[in-house]
Amino acid sequence: MKIDYKIVDRVIYVYLIVVLVGASHPSISEILRGFIGATLLFLLPYVIGRFLMEVTNCNSSCLLRLQSDFIIDFMFCWFFGSASLFILAIFLSLIGFFSIFNLTVIILMTALVSLVINFLKKGLALRDIDLSWREFILLILIMSIGWIATLVYRLDSPFPYQPNWDMFQDLYIAGRICEFGEFHIQPQEYAPYYYSRIGTTMFDLLLALSAYWSHSEQLSIYWCGPFLYNSIYGLLLYLWVKRVTGRTLPALITAFVSVFIFEHNPVGLMQIRQDRLLVLAFPYLMVLVDNYVSKTRNLKNLIAITSIYAAAILLHPYTGSFIAAILTLFLLTDMSEEKNKRIIYGLLPAIAVLVVVMVKFQMISLASLFVLDLTGSVGLPPASESFRLKLMETWYSPLVFGIFLAGLLVSSYHICDNLRRYCFLASLLLILYYSPIIGISRVALFIHPFIAFFAVLSVEFLARELSEALKLNDVGRKRIFNIIIAVSYT
């Protein structure tokens, strides 16, 4: 089954126009408008980014020398489109022309012009989306699992009620943007006495645009958004692991486990926030950096990745800066000399396991040595190491976490460089998780996929060793693998 990129774009353009015209009809329920608004959080920035790439005749393939990939191309358009909308809103505000209506008209004209260009212009050099029916059904299944995982949490939260706290800040700002046409760069400018953290209003602008375009309440989008978030999260994790390993089973298990453990606390799955958007993008940001390291080390590639980092920081300064710092360290380490690289790849996983063991048996307290505050949350102590360990144990049994640690060590010494890079990244995140840095427990957002991933690799290694020792064939090895997986995750 082949799907043309240009047809996908046409469907998106027509969908936006139909929604804008028809979503206000009284027969459409508020919950449906909420789901429509959640899709617009992704599609409105994409349309602007796609238009800019069409005009400049540029896409992710020519920027990164990558084989064209719909997910990577969509992510590029979304980041550039989000930043462009934010900059456009600043410009309109400076000249006294800003209103949510004017911005909507500009996006509508962009969609119409893009639709005309799509029919008249030959288009960018993009491959068709080539999927077998088996792969297509599997992707639908994975997205359905993400939907079900969110539904489990939503059973106790009838529409539009939901346990949340940060949303009230965003709802207030989005309301001011929609109702009063008031736009500021920083949230503190709306309520200086209420906001203490450094940030931007990029996400609030996207939320206001999505609600206005779909004729929905922002609260409805907050309730419906996580269904879409978690489905996309599972899909991207599956595609990331499949791209790294070339195998379906590890990718499927990683996605399945991760969509049920999406946050650093139980109610986080139901939050729709700007840092969650970056969590969604994280797997494919790793793909971009890995591609730069292993294939195309050129200036154009580096500028493109840096531009995405800048857009991520605009969206959420703390999480965006964290992602940029971690992936830059990941990049620089792999570009070092081979001897140093081998030492780092072999040593860091051992240090990570040692830190976990010492914290488990209360042999060390890093908080007694130093405390680092990068959030500006003056007076808030960091969570203790024992608390973070107990938090991790509420998600994973000691057996699963132990298998993950074993997989981390095994992967650092027995697997090819491509996977050792991710082993290094997982070890670094694990060490940071237990470090005495205020607010660092949010690193758990990025650790969960690695725990599932390396636990599966560890089980595969164990099944292979047992089958060789018992002289079993491939069928026997697969049965051992399935038994270990079933026991581990029960």
Trainee: Within the structure provided, determine whether Leu405 and Leu430 are in side-chain contact (heavy-atom separation under 4.5 Å).
Mentor: yes

Trainee: Within the distance-only criterion (no hydrogens, no angle test), does the side chain of Ser427 pair as donor or acceptor with the backbone N or O of Ala352 below 3.5 angstrom?
Mentor: no

Trainee: Does Ser157 offer a backbone N or O that forms a donor-acceptor pair with the side chain of Trp223 under 3.5 Å?
Mentor: yes

Trainee: Hey, what do you get for OG (Ser114) to CE (Met109), rounding to the nearest 0.5 Å?
Mentor: 10.5 Å

Trainee: Would you confirm whether Ser231, through its side chain, and Met143, through its main-chain N or O, come within 3.5 Å as a donor-acceptor pair?
Mentor: yes

Trainee: How would you list, by chain and number, every residue that makes a ring pair (Phe, Tyr, Trp, His ring centres under 6.0 Å) with His184, sequence neighbours excluded?
Mentor: Tyr190

Trainee: Please tell me if the side chains of Leu315 and Phe86 come closer than 4.5 Å, counting only heavy atoms from C-beta onward.
Mentor: no

Trainee: Once rounded to the nearest 0.5 Å, what's the spacing between atom OG of Ser214 and atom CG of Leu44?
Mentor: 9.0 Å

Trainee: What pairs with Tyr238 under ring pair (Phe, Tyr, Trp, His ring centres under 6.0 Å), at least two apart in sequence or on another chain?
Mentor: none

Trainee: Report the distance from atom CD1 of Ile12 to atom CD1 of Ile17, rounding to the nearest 0.5 Å.
Mentor: 12.0 Å

Trainee: Between Arg33 and Glu217 (side chain of the first, backbone of the second, donor and acceptor by atom type, cut-off under 3.5 Å), is there such a pair?
Mentor: no

Trainee: Check whether any side-chain heavy atom of Ile232 sits under 4.5 Å from a side-chain heavy atom of Phe42, and report yes or no.
Mentor: yes

Trainee: Quick one: ring pair (Phe, Tyr, Trp, His ring centres under 6.0 Å) partners of Tyr309, sequence neighbours excluded?
Mentor: none

Trainee: Can you tell me if Thr201 uses its side chain to pair, donor with acceptor, with the backbone of Gln186 under 3.5 Å?
Mentor: no

Trainee: Per the ring-ring contact (aromatic ring centres under 6.0 Å, His included) rule, what does the pair list look like for residues 8-37, sequence neighbours excluded?
Mentor: Phe35-Trp147, Phe35-Phe227

Trainee: Looking at the rings of Tyr229 and Tyr233, which for Trp means the six-membered one, are their centres under 6.0 Å apart?
Mentor: no

Trainee: Tell me the side-chain hydrogen bond (donor to acceptor under 3.5 Å, both in side chains) pairs involving residues 101-111, sequence neighbours left out?
Mentor: Ser99-Asn102

Trainee: Within the side chain of Ser93, is there an N or O that forms a donor-acceptor pair under 3.5 Å with the backbone of Ala89?
Mentor: no

Trainee: Identify, with sequence neighbours excluded, every residue that meets ring pair (Phe, Tyr, Trp, His ring centres under 6.0 Å) alongside Phe97.
Mentor: none

